[in-house]
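Have a look at the structure below, then the notes.
Values reported hereafter were calculated over all heavy atoms of this structure, with side chains retained and with hydrogens, waters and symmetry mates removed.
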Amino acid sequence: MNDYYVYVYLDPRKPGKYKYGKYRFPYEPIYVGKGKEKRIYAPHTSNFLTKGKINKIELSNNKIIPKKVYEGLSHEQSLKREKELIKLIGRINIKTGTLTNLTDGGQGNEGWIVSEETKKK
């Protein structure tokens, strides 16, 4: 099913003209993710950089701005697009951009089959 999308969280405290290839954002992009249904509106994460950024935004009486970049994707397509967008915008932790993503993206565990050995561990 093609019910996945790729989204970006934008920082409302930092307006500007953020251009990355064919992508244009009116605020600084801080996170790229993929999801389906209401995932975009539930910014829960174990990523300390993203949590910290969201907390700072909320403490300034603002809210992150969620923006869908792609819609109608398969799971595999969403992983690919997520990875491409993260690479294009760049990550804070490796000093290549503004994103709080801690990985290059493209990891997805949907359909992951856990071995019996792993379950026992």
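- You'll find the side chain of I30 reaches within 4.5 Å of the side chain of E28, heavy atoms only.
- In this structure, Y9 has its ring center closer than 6.0 angstrom to the ring center of Y31.
- Using a 4.5 Å heavy-atom threshold, the side chains of P66 and Y41 count as touching.
- Annotation: side chain of D11 is not in contact with side chain of I64 (no heavy-atom distance under 4.5 Å).
- A salt bridge is defined here as a Lys NZ or Arg NE, NH1 or NH2 lying under 4.0 Å from an Asp or Glu carboxylate O, and K87 with E84 fails to meet this definition.
- Classification of D104 and R91 as a salt-bridged pair holds, one side-chain N sitting under 4.0 Å from a carboxylate O.
- Transitive grouping of hydrophobic side chains (ILVMFWY, heavy atoms separated by less than 4.5 Å) brings Y70 and L10 into a common cluster.
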- Query: Can you list the steps and then say if Y18 with I89 is a side-chain contact (heavy atoms from CB on, under 4.5 Å)?
  - Reply: CA-CA 9 Å; Y18 296 90; I89 298 172; over 6 Å; no
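- A heavy-atom distance below 4.5 Å is found between the side chains of P29 and Y20.
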- Given side-chain contact (heavy atoms from CB on, under 4.5 Å), test L79 with K34 step by step and report yes or no. CA-CA 7 Å; L79 295 173; K34 67 105 181 149; 3.6 Å; yes
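- When side chains are defined from C-beta on, V32 counts as touching V8, because their heavy atoms get closer than 4.5 Å.
- To the nearest 0.5 angstrom, K80 atom NZ is 10.0 Å from S74 atom OG.
- Within a 6.0 Å radius of NZ in K68, other residues, nucleotides and ligands contribute more than 12 heavy atoms.
- Looking at H75 and K36, their side chains never bring a donor and an acceptor atom within 3.5 Å of each other.
- Minimum heavy-atom separation, F25 to K67: CD2-CD, 4.0 Å.
- Residue I92 is found outside any hydrophobic cluster, as its side-chain heavy atoms come under 4.5 Å of no other Ile, Leu, Val, Met, Phe, Trp or Tyr.
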- Show the numbers, then the answer: is there a side-chain contact (heavy atoms from CB on, under 4.5 Å) between R39 and Y7? CA-CA 9 Å; R39 172 68 180 101; Y7 63 92; 3.6 Å; yes
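- Residues I40 and I54 are members of one and the same hydrophobic cluster, defined by side-chain heavy-atom contacts under 4.5 angstrom among Ile, Leu, Val, Met, Phe, Trp and Tyr.
- Proximity of a side-chain donor or acceptor of Y23 to a complementary backbone N or O of L88 within less than 3.5 Å is not detected.
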- Message: Would Y4 and Q77 count as a side-chain contact (heavy atoms from CB on, under 4.5 Å) here? Give the steps.
- Response: CA-CA 8 Å; Y4 284 87; Q77 289 170 324; over 6 Å; no
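- Separating the CG atom in N93 from the CG atom in L99 is a distance of 9.5 Å, to the nearest 0.5 Å.
- T50 pairs with exactly one of N101, N55, T100 by the side chain to side chain donor-acceptor pair (under 3.5 Å) rule, that one being T100.
- Side-chain heavy atoms closer than 4.5 Å link hydrophobic residues (I, L, V, M, F, W, Y) into clusters, and following such links, possibly through other members, connects Y27 to L85.
- The side chain to side chain contact (heavy atoms under 4.5 Å, CB included) with I57 is formed by just one residue from the set K14, R13, K63; it is R13.
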